[in-house]
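See structure below.
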Amino acid sequence: MSGDREINEENAGFEARLKAYEGRPAAATGTGRDPVNQPMIRHWCEAMGDTNPAYTGPDAIAPPTMLQAWTMAGLSRRSERTAAYDELLGLLDASGHDAVVATDCEQEYLRPLRPGDEITFDSVIESVSGRKTTKLGPGYFVTTRTDIRAGGELAGTHRFRILKYAPARRPKASNAPEERRPRPVVNRDNAGFWEGVARHELLIQRCTGCGTLRFPWLPGCNSCGSPEWDTVEASGEGTVYSYVVMHHPPFPAFAPPYAVGLIELAEGVRIVSDVEGVPYDKVRIGMPVRLEFRRYDDELVLPVFQGVTP
């Protein structure tokens with residue numbers, strides 16, 4: 001009984017440390033990378049299939065649901081993000097709650113945004129829940145509230161909630177067979193690529209009409225429409241253009257956490273592949289990588305990229 005009491009007291013102390021972050025800023029005053037503008041509104045409406053006439057013409061307004069879009073940083077890390085928010089996430093990571101999933105958001109619209117509006121915003125850690133048990137695993141819900149202003153006037157509020165959780169582990173039976181990696185889908189359009197991989201060559205298609213390189217392989221050129229092409233062999237040099245770290249859910253034959261990168265090859269095209277040779281938490285955008293071919297079993301060879309550290 002004393003052991004249970006000690007565990008409960010430890011959990012209560014940990015949750016008190018999490019609760020202490022409530023009300024602290026998650027982002028200091030930030031500025032939208034671009035003013036509200038018609039091209040972004042048009043792209044949004046095309047992607048969403050929204051043909052509301054209120055979003056076009058000289059008196060256009062932005063769709064209300066674009067509220068968060070005007071605050072986003074793209075692939076770069078926001079300089080406004082505070083140490084308090086990083087500390088909170090680091091505390092959860094260190095306690096084993098190192099997986100994350102976005103769960104929901106709530107938005108309140110107070111005034112329409114119009115092209116030319118300059119956007120500023122502030123974020124606060126609004127709440128940290130007690131420990132919750134979910135199908136993904138036990139964890140804590142962290143809610144941030146962002147107040148978005150146009151010309152200094154409050155235009156809307158965005159609440160964003162994530163679950164930081166410890167992935168539930170499923171024990172593997174001792175007599176379970178070793179899982180194989182999934183097989184690639186080979187068809188008449190990409191067969192030449194996989195034949196090259198079998199020879200340890202990473203082949204890029206090149207349009208013989210206009211010379212444009214393309215990857216992944218396609219039956220025709222995106223630039224000029226020509227169906228004629230040949231190939232060039234990639235040098236194998238590249239950089240990490242973007243990446244994700246897979247923590248959960250686990251898949252057969254994969255051992256999370258591991259990094260999956262969008263690799264920009266020296267030739268200018270991009271390929272998705274594992275990033276190996278460096279710890280998953282040391283992978284960074286811009287990191288140099290070098291191509292290797294890895295054999296997983298008697299049938300499967302895949303291109304992977306090794307991180308090159310200084």
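Note that these values count all heavy atoms, side chains included, but never hydrogens, waters or copies made by symmetry. We're numbering straight along the sequence, starting at 1.
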Check the pair Ile41, Thr56 against side chain to side chain contact (heavy atoms under 4.5 Å, CB included), reporting the backbone distance first and the verdict last.
-> CA-CA 8 Å; Ile41 294 172; Thr56 60; over 6 Å; no
Nearest-0.5 Å distance, [atom1] of residue [X] to [atom2] of residue [Y]:
X      : Y      : atom1 : atom2 : answer
Leu91  : Asp86  : CG    : CG    : 12.5 Å
Thr134 : Arg131 : OG1   : CZ    : 10.0 Å
Met72  : Arg33  : CE    : CZ    : 11.0 Å
Arg270 : Ile263 : CZ    : CD1   : 11.0 Å
Asp147 : Phe121 : CG    : CZ    : 11.5 Å
Leu67  : Thr71  : CG    : OG1   : 7.5 Å

Which atom of [X] lies closest to which atom of [Y], heavy atoms considered:
X      : Y      : value
Cys224 : Cys207 : SG-SG, 3.6 Å
Pro216 : Gln205 : O-OE1, 4.4 Å
Thr212 : Cys210 : OG1-SG, 3.1 Å
Val304 : Ser273 : CA-OG, 3.2 Å
Val185 : Trp194 : O-NE1, 4.2 Å
Ala28  : Thr82  : N-CG2, 3.7 Å

Would you check, one step at a time, whether the test side chain to side chain contact (heavy atoms under 4.5 Å, CB included) holds for Thr65 with Trp44?
-> CA-CA 10 Å; Thr65 49; Trp44 175 281; 3.7 Å; yes
For Phe193 and Phe215, run ring pair (Phe, Tyr, Trp, His ring centres under 6.0 Å): C-alpha distance rounded to whole Å, both residues' side-chain angles, the deciding distance at 0.1 Å, then the answer.
-> CA-CA 10 Å; Phe193 170 76; Phe215 192 90; 5.3 Å; yes
Please test Leu113 against Trp70 for side chain to side chain contact (heavy atoms under 4.5 Å, CB included), starting from the C-alpha separation and ending with a verdict.
-> CA-CA 10 Å; Leu113 298 176; Trp70 309 112; 3.7 Å; yes
Which residues satisfy the side chain to side chain donor-acceptor pair (under 3.5 Å) test with Ser95, sequence neighbours excluded?
-> His97
For Lys19, the side chain to side chain donor-acceptor pair (under 3.5 Å) test, sequence neighbours excluded, returns Glu22
So if you build clusters from Ile, Leu, Val, Met, Phe, Trp, Tyr with side-chain heavy-atom gaps below 4.5 Å, do [X] and [Y] land together?
X      : Y      : value
Val101 : Val244 : no
Leu291 : Leu203 : yes
Ile204 : Val289 : yes
Leu92  : Leu163 : no
Phe160 : Leu18  : yes

Just so I know, are the side chains of [X] and [Y] near enough to count as touching, which here means a heavy-atom distance under 4.5 Å?
X      : Y      : answer
Val245 : Pro257 : yes
Thr31  : Ile119 : no
Leu300 : Arg183 : yes
Trp229 : Arg214 : yes
Val142 : Leu88  : yes
Val36  : Ile61  : no
Val278 : Val283 : yes
Arg180 : Asp297 : yes

Side chains of Tyr109 and Gln107: donor-acceptor distance under 3.5 Å anywhere?
-> yes
Under 3.5 Å, side chain of [X] to main-chain N/O of [Y], donor-acceptor pair present?
X      : Y      : result
Ser123 : Thr146 : no
Asp50  : Asn52  : yes
Arg161 : Thr103 : no
Gln38  : Tyr55  : yes
Thr208 : Glu228 : yes

Partner set under side-chain contact (heavy atoms from CB on, under 4.5 Å) for Asn222, not counting sequence neighbours | Leu218
With sequence neighbours excluded, give me every salt bridge (Lys or Arg N to Asp or Glu O under 4.0 Å) pair touching residues 231-248.
-> Glu237-Arg290
Which pairs count as salt bridge (Lys or Arg N to Asp or Glu O under 4.0 Å) when at least one residue sits in residues 120-129, sequence neighbours excluded?
-> Asp122-Arg149, Glu126-Arg145, Glu126-Arg159
Go through the steps to decide whether Val301 and Arg294 satisfy the test side chain to side chain contact (heavy atoms under 4.5 Å, CB included), and finish with yes or no.
-> CA-CA 6 Å; Val301 175; Arg294 179 175 173 184; over 6 Å; no
Are there more than 12 heavy atoms of other residues, nucleotides or ligands under 6.0 Å from atom CZ of Arg24?
-> yes
Are there more than 12 heavy atoms of other residues, nucleotides or ligands under 6.0 Å from atom CZ of Arg295?
-> yes
What residue pairs, at least two apart or across chains, pass ring pair (Phe, Tyr, Trp, His ring centres under 6.0 Å) with a residue in residues 259-305?
-> His200-Phe293, His247-Tyr280
In plain terms, say whether Lys164 and Asp98 are close enough for a salt bridge, that is, a side-chain N and a carboxylate O under 4.0 Å apart.
-> no
Would you call Asp117 and Arg111 a salt bridge, using N to O less than 4.0 angstrom?
-> yes
Is the distance between the ring centroids of Phe14 and Tyr140 less than 6.0 Å?
-> yes
